[in-house]
Amino acid sequence: MPKKTTTSVKKEVPTTVKGMYDIIGDEYYAYSGFYEKASEVAMYYGFKPIETPILEKEELFLSGVGQDTDLVEKEMYSLKTKGGDHLVMRPEGTAPIMRAYIEHGMQQWSQPVMLYYKGPFFRHENPQKGRTRQFQSFGLEVLGSSKSIADATIIHTTMVILQEAGLKNLTLHINSIGDKECRPKYMRELVNYYKKHLNELCADCKRRIKENPLRLLDCKNAKCKEVKEFAPNSIAHLCDDCRTHFKEVLEYLESLNIPYNINNNLVRGLDYYSRTVFEITEDIRGEENTEPKEELKEGEVAPEKEVSVKGLAIAGGGRYDYLAKNMGSRKEVPAVGVGLGVERIFMTQGYKRQDPRIIKHPKVYFIQLGTHAKMRSLNIIEILRNAKVPIMQALNKDSLGSQLASAEKMKIPYAIIFGEKEFIDDTVIVRDMNTRSQDTVKIADLAKYVKTMK
Ligand SMILES: [Zn+2]
Ligand SMILES: [Zn+2]
């Protein structure tokens with residue numbers, strides 16, 4: 001704290017925290033409109049809402065998400081309460097929902113449990129385009145099902161939500177990273193391969209070899225990209241069960257006409273994923289998506305060429321069959337989910353704004369003139385609200401001209417004028433702003449009269 005030594009010390013006006021933003025007016029409606037539509041789509045497919053607290057115990061993410069991930073190492077907003085508890089501002093939605101599933105004994109419910117959620121999440125990243133420190137997400141989770149149809153349901157619902165938001169040129173990037181049967185062997189091969197190229201790797205990757213080899217495939221460093229190109233791919237190492245599961249997911253996608261690209265380098269940043277992982281990106285207009293659909297046939301190895309993920313993922317997710325056990329659950333809870341980045345959706349070329357249903361476009365501009373009229377104006381506004389007529393008003397402006405000008409500027413179809421004369425006569429003037437015709441209406445008849453306004 002700077003010391004106050006003189007009276008001339010300039011007080012700094014508080015601003016928002018770096019990477020965090022106020023959401024105001026129409027922008028707020030854009031969020032609520034998107035959430036309303038996304039929730040409605042989710043409800044159609046049988047998802048139920050859940051809201052978890054913004055603060056969670058740090059342990060949840062250390063054990064659940066994994067300590068060797070960037071998210072846990074660098075990006076969590078951790079805090080110590082006055083009582084000494086270590087808490088974090090939730091950086092993602094999946095671990096809290098698994099926590100809730102176990103805590104509320106949802107294993108006893110009819111399975112699978114299908115949930116959707118929305119709200120703010122927090123990551124201490126470098127703010128840049130499409131990356132803010134507080135961001136909004138909409139997510140879906142299917143808990144308690146190991147079936148491939150659950151994966152397909154998550155992907156399908158996500159695609160429909162994105163299409164409802166106007167997005168058209170979507171690409172689904174998908175991969176399978178195997179399970180505890182087949183992944184260890186794949187990891188050994190991966191590590192062996194990378195050890196041969198140790199000198200060509202960035203410092204992070206040298207560390208990843210020991211701590212989290214799968215994330216070697218995630219490295220964006222140009223040096224490492226070359227090595228990555230010839231790295232063994234996970235699909236070629238899948239066990240029979242994983243291969244069948246993946247094949248079924250792809251078959252569901254084909255029957256739903258959802259095109260996909262198999263991306264061998266797609267592993268996703270978090271530790272808890274198993275089998276299916278996926279991301280959805282928007283193809284930038286002008287660059288045609290000519291990638292042929294790649295189909296994985298029985299016994300066939302997916303092509304080795306890399307499909308680049310253009311731009312930022314607007315949605316991403318996958319299966320996380322071991323998260324529950326990582327978190328200390330006695331029983332495994334097979335599950336699959338997705339998170340959609342709302343700000344990123346808003347940044348796409350295809351996005352079309354959706355208004356929430358509560359939005360009222362003002363039908364009447366209410367104009368009051370003079371002290372007496374002002375005193376009674378709130379009673380007249382109440383008549384209008386009871387008659388379900390949304391209004392705009394200028395509480396600060398006093399001249400008729402400036403108030404009419406405001407009404408015109410806002411393209412509001414009617415003005416109701418209430419001045420001293422009308423106050424004495426118990427009337428109002430209703431002016432049609434388009435035809436400029438006016439009616440004098442008794443206040444007692446106003447509720448009935450507004451029903452005749454178009
Ligand atoms: Zn690297
Ligand atoms: Zn497997």
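Along the sequence shown, residues carry numbers from 1. Whatever order the structure lists ligands and atoms in, that order sets their numbers, starting from 1. If you're wondering where the values come from, they're calculated on a predicted model, not measured in any experiment.
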Inset, instruction - May I have the angle between Cys219 SG and Cys205 SG with its vertex at the Zn ion (ligand 1), rounded to 10°? - result: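 Here the angle at the metal atom is close to 110°, to 10°.
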Describe, in one word, how the ring planes of [X] and [Y] are oriented to each other, choosing from parallel (under 30°), tilted (30 to 60°) and perpendicular (over 60°).
X: His124; Y: Tyr77; value: perpendicular
X: His237; Y: Tyr186; value: tilted
X: Phe121; Y: Tyr117; value: perpendicular

Inset, instruction - Inspect the contact between Glu75 and Arg131 and indicate whether a charged nitrogen and a carboxylate oxygen are less than 4.0 angstrom apart. - result: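 Answer for the salt bridge query: no.
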Legend entry - Opening angle at the Zn ion (ligand 2) [SG, Cys182; SG, Cys239; to 10 degrees]: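 Taking the Zn ion (ligand 2) as the apex, the two atoms subtend 120°.
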Inset, instruction - Output yes if Asp240 passes the N/O/S-under-2.8 Å test against the Zn ion (ligand 2); output no otherwise. - result: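 So Asp240 does not count as coordinating the Zn ion (ligand 2).
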Legend entry - Atom name of the N, O or S atom in Asp179 that lies nearest to the Zn ion (ligand 2):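 Going through the N, O and S atoms of Asp179 one by one, OD1 ends up nearest to the Zn ion (ligand 2).
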